[in-house]
Amino acid sequence: TPVVLCLNAGSATLKFAIHDLARPATCLLRGEADREGSAIKLVLDGRHLASARELADAPELLVHALARDRPTWRIEAVAHRIVHGGPHHAGPAVLDDDLLIELAQFTRFAPLHQPAGIAMARKAREVLGGAVHVACFDTAFHATLSDLAREFALPAELRERGYRRFGFHGLSFDHVARRLAAERPELRRVVVAHLGGGSSLCALLERRSVATTMGLTALDGVPMTTRSGALDPGAVIALVRELGVDVAEELLYRRSGLA
């Protein structure tokens, strides 16, 4: 049976699912890997399968478990959730060496998520070299933003260097837009809230993104579990001056928000 492996790597967790390639909407199996003490615990369909030292080892353990428990399944494609796709990707892209190098430059804009996604993709490509690997970007859904919604009030040379609104949680918003098209097509203007460890809102017009609360990074917008959300830029400058860049970044990403 040809199947698709979907990988959603976070900074400390991995969620994965197996879909039937012939019927992509059919999820055959799902599971996760997260840290429990000093080890990574791999759970598949509610069963504890194995433990690993590093999160990036999870794909190899998963492949071994599938070969043992589902020997007729053949992983033909792997879909990777990548948080930041930069300005050139408005849809999925084949994940090769050149794309991985390109995506690494956006780590500065997504320090919690981009390194984990890239590390997981590199490991999965080693383990599953015969499969097609595809990157699916959280930023891509917001490619429909207008120039007015996308651009910051910054000098042109900074906008040309990538300082603009990207928006995130696009895979989640895209899912909602597809469900709306199927179940409530008469709704033209909808505000969608993605609420989790990271949270953002998106305004949909005819199921296309026209405004969103996150900007250049996944730190902007509403307060989140540990992230500050939008702040007066002057407060950020003052924090950096007083505490230094590294301490301020740690504080805004991991010690603020609802915490």
Side-chain angles (χ1 to χ4, degrees), residues 5-19 25 27 29-36 40-46 55-56 58 79-85 92 103 106-121 135-145 165-180 183-184 190-204 207-231 249-259:
L5 170 62
C6 301
L7 298 176
N8 178 355
S11 56
T13 63
L14 170 69
K15 294 180 181 178
F16 53 85
I18 307 288
H19 286 254
C27 180
L29 211 57
R30 66 177 69 245
E32 61 184 20
D34 57 24
R35 186 170 295 283
E36 191 173 89
I40 300 295
K41 182 179 178 182
L42 184 71
V43 175
L44 183 64
D45 228 18
L55 191 63
H80 300 263
R81 178 209 176 194
I82 302 292
V83 167
H84 211 304
L103 296 176
F106 303 116
T107 295
R108 59 192 174 126
F109 297 147
L112 291 188
H113 302 93
Q114 200 79 348
I118 290 173
M120 190 66 63
C136 303
F137 306 107
D138 259 337
T139 49
F141 183 70
H142 303 291
T144 54
L145 292 176
R165 183 179 305 280
F166 284 95
F168 297 90
H169 296 138
L171 298 178
S172 175
F173 293 135
D174 183 52
H175 171 73
V176 173
R178 291 170 187 268
R179 291 291 297 272
L180 286 170
E183 299 178 20
R184 296 296 303 274
V190 180
V191 174
V192 182
H194 174 101
L195 304 176
S199 298
S200 68
L201 281 72
C202 180
L204 301 180
R207 297 173 292 280
R208 291 158 61 91
S209 174
V210 294
T212 187
T213 55
M214 281 184 169
L216 173 70
T217 73
L219 188 61
D220 198 9
V222 299
M224 294 164 251
T225 303
T226 64
R227 288 175 247 170
S228 65
L231 286 178
E249 182 178 77
E250 170 73 14
L251 185 150
L252 294 175
Y253 273 100
R254 300 183 187 275
R255 294 167 51 201
S256 297
L258 299 180

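Here the structure is a predicted model, which means the values were calculated and not measured.
- Within the 3.5 Å criterion, the main-chain N or O of R255 finds no donor-acceptor partner in the side chain of E250.
- Here the side chain of T226 pairs a donor or acceptor atom with the backbone of Y253 at under 3.5 angstrom.
- Contact detail for M120 and A9: the closest heavy-atom pair is CB-CB, 3.9 Å.
- A distance of 11.5 Å separates SG of C202 from CE of M214, quoted to the nearest 0.5 Å.
- L231 CG to L219 CG: the interatomic distance, rounded to the nearest 0.5 Å, is 7.5 Å.
- Going from atom CG of L201 over to atom OG1 of T212 covers 7.5 Å, rounded to the nearest 0.5 Å.
- Residues forming a ring-ring contact (aromatic ring centres under 6.0 Å, His included) with F168 (at least two apart in sequence, or on another chain): H84.
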Task: Worked verdict on Q114 versus F109 for side-chain contact (heavy atoms from CB on, under 4.5 Å) - done: CA-CA 8 Å; Q114 200 79 348; F109 297 147; over 6 Å; no

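- Proximity of V190 to V176: side-chain heavy atoms (C-beta onward) are nowhere separated by under 4.5 Å.
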TODO: In sequence, state the C-alpha distance, the side-chain angles, and the governing distance for F141 and L204, and then conclude on side-chain contact (heavy atoms from CB on, under 4.5 Å).
DONE: CA-CA 11 Å; F141 183 70; L204 301 180; 3.7 Å; yes

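- Under the rule for a side chain to side chain donor-acceptor pair (under 3.5 Å), the partners of R178 that lie at least two apart in sequence or sit in another chain are D174.
- The ring-ring contact (aromatic ring centres under 6.0 Å, His included) search around H169 returns H194, not counting sequence neighbours.
- Closest non-hydrogen pair, A79 versus C136, comes out as CB-SG, 4.3 Å.
- With sequence neighbours left out, R108 forms a salt bridge (charged side-chain N to carboxylate O under 4.0 Å, His left out) with no residue at all.
- Each salt bridge (Lys or Arg N to Asp or Glu O under 4.0 Å) pair with one or both residues in residues 209-231, not counting sequence neighbours, appears once here: R165-D220.
- When all heavy atoms of T139 and G167 are compared, the closest pair comes out as CG2-O, 3.3 Å.
- Rounded to the nearest 0.5 angstrom, L7 CG and F16 CZ are separated by 8.5 Å.
- Side-chain contact between F106 and I118 is absent, with no heavy-atom pair separated by less than 4.5 Å.
- For the atom pair L14 CG and N8 CG, the distance stands at 7.5 Å (nearest 0.5 Å).
- Residues satisfying the salt bridge (charged side-chain N to carboxylate O under 4.0 Å, His left out) test with E249, not counting sequence neighbours, are none.
- When every heavy atom of G196 is checked against every heavy atom of T225, the shortest pair comes out as O-OG1, 3.5 Å.
- A distance-only check finds no donor-acceptor pair linking the side chain of S209 to the backbone of L145 [under 3.5 Å].
- The minimum heavy-atom distance between A110 and V83, with the atom names listed, is CB-CG1, 4.3 Å.
- The SG atom of C6 lies 10.5 Å from the CG atom of L171; values are rounded to the nearest 0.5 Å.
- The shortest heavy-atom contact between F137 and G85 is CD2-CA, 3.4 Å.
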